[in-house]
Amino acid sequence: HHENALMCLNGGKAVLVEEGTTNLVDLATWNPVHDDAYETVTKTSDTLYGQPIYKGVKKLAGTPPIELKTIDIPAGASYTATIWSRVDSAPAGSPPGLLFYRGSFLANATSAVVGRWERLTATYTNNTGSALTGVAVFFYLAQDAGEVTYFACPQLEAKPFATSFVAGTR
């Protein structure tokens, strides 16, 4: 679905032209792979939209998130974060979640489906009247021990809506 795209006529044919954007997550350096007391995240050999798919397995129901990026948000500015995630069985506790965080949740989205990929989308608009520094964009795996979450294609845009995934600038 391309609700933020524009249809243009080109020689009698409709052509979908999508708004330009920059993915603020530096995919060349972003690496969520880790192994700690709470979870193990590995890079699979599969891809989604040309990007690696990661597999997260919870060991304990703790809450350390996977950081996409920490940003400063000017007064009045809107940012939208997205990530593709999949769980193959219904989580017993909290499902995968994507959120903007600065001392508390500013905006969040949680997974609502099982057995297929879902694009989680969270948008935050800074209506505080002043710039916010150190706003973290976090992704949480399904919470309970033994649960598996697949994820790929993180994106953060300086827009009040999501555009289709891009690994850089379009």
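None of the values given here were measured: they were computed from a predicted structure.
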If Ile, Leu, Val, Met, Phe, Trp and Tyr residues are connected whenever their side-chain heavy atoms lie under 4.5 Å apart, and connections chain through other members, are [X] and [Y] in the same group?
| X | Y | value |
| --- | --- | --- |
| Leu48 | Phe151 | yes |
| Leu99 | Val135 | no |
| Val41 | Val87 | no |
| Val25 | Trp84 | yes |

Qualifying salt bridge (Lys or Arg N to Asp or Glu O under 4.0 Å) pairs, either residue in residues 148-170, two or more places apart
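Found Glu18-Arg170, Glu19-Lys159.
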
For [X] against [Y], the heavy-atom pair lying closest together:
| X | Y | result |
| --- | --- | --- |
| Ala81 | Val137 | CB-CG1, 3.6 Å |
| Lys43 | Pro52 | CE-CB, 3.5 Å |
| Ala92 | Asp144 | CB-OD2, 3.3 Å |
| Leu120 | Ala109 | CD1-O, 4.3 Å |
| Pro96 | Thr149 | CG-CG2, 3.7 Å |
| Val114 | Ala90 | CG2-CA, 3.7 Å |

If I take atom [atom1] from residue [X] and atom [atom2] from residue [Y], how far apart are they, to the nearest 0.5 angstrom?
| X | Y | atom1 | atom2 | answer |
| --- | --- | --- | --- | --- |
| Tyr124 | Ile73 | OH | CD1 | 6.5 Å |
| Gln155 | Leu98 | CD | CG | 11.5 Å |
| Glu147 | Asp88 | CD | CG | 12.0 Å |

In the structure I gave you, are the side-chain heavy atoms of [X] and [Y] within less than 4.5 Å of one another anywhere?
| X | Y | result |
| --- | --- | --- |
| Ile83 | Pro154 | yes |
| Leu156 | Ile71 | yes |
| Arg86 | Lys55 | no |
| Thr21 | Val166 | yes |

Check for me whether the distance between the ring centres of Phe100 and Tyr79 falls short of 6.0 Å.
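No - the distance between ring centres of Phe100 and Tyr79 does not fall below the 6.0 Å cut-off.
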
- Does Tyr49 have its ring centroid less than 6.0 Å away from the ring centroid of Trp117?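 Centroid distance Tyr49-Trp117: not below 6.0 Å, so no.
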
Please collect all side chain to side chain donor-acceptor pair (under 3.5 Å) contacts where either partner lies in residues 93-113, sequence neighbours excluded, each pair once.
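As it turns out, the side chain to side chain donor-acceptor pair (under 3.5 Å) pairs with a partner in residues 93-113, which skip direct neighbours, are Ser94-Gln143, Ser111-Glu118.
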
| field | Trace of the side-chain contact (heavy atoms from CB on, under 4.5 Å) decision for Phe139 with Leu68 | value | CA-CA 7 Å; Phe139 175 66; Leu68 274 60; 3.8 Å; yes

**Message:** Apply side-chain contact (heavy atoms from CB on, under 4.5 Å) to residues Ile66 and Phe138 and explain how you reach the verdict.
**Reply:** CA-CA 6 Å; Ile66 295 165; Phe138 288 146; over 6 Å; no

Does any N or O in the side chain of [X] come within less than 3.5 Å of the main-chain N or O of [Y], such that one atom is a donor and the other an acceptor?
| X | Y | answer |
| --- | --- | --- |
| Thr44 | Asp46 | yes |
| Thr128 | Ser130 | yes |
| Gln51 | Ala167 | no |
| Asn126 | Ser78 | no |

task: Look at the rings of Phe105 and Tyr140 and say which category their plane angle falls in: under 30° parallel, 30 to 60° tilted, over 60° perpendicular.
output: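 The rings of Phe105 and Tyr140 sit tilted, inter-plane angle from 30° to 60°.
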
Original post:
What class does the angle between the rings of Tyr54 and Trp30 fall in, given that below 30° is parallel, 30 to 60° is tilted and above 60° is perpendicular?
Top reply: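 Perpendicular.
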
May I have the list of side-chain donor-acceptor pairs in residues 31-40 shorter than 3.5 Å, sequence neighbours left out?
from, atom 1, to, atom 2, distance (Å)
Asn31, OD1, Val33, N, 3.1
His34, ND1, Pro32, O, 2.7
His34, NE2, Glu39, OE2, 2.9
Asp35, OD1, Thr40, OG1, 2.7
Asp35, OD1, Lys59, NZ, 2.5
Asp36, OD1, Tyr38, N, 2.8
Asp36, OD1, Glu39, N, 2.9
Glu39, OE1, Lys58, NZ, 3.1
Thr40, OG1, Lys59, NZ, 3.4

Quickly, which of Thr163, Thr125, Thr123 forms a side chain to side chain donor-acceptor pair (under 3.5 Å) with Thr80? Name it, please.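 In the set Thr163, Thr125, Thr123, the residue that makes a side chain to side chain donor-acceptor pair (under 3.5 Å) with Thr80 is Thr123.
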
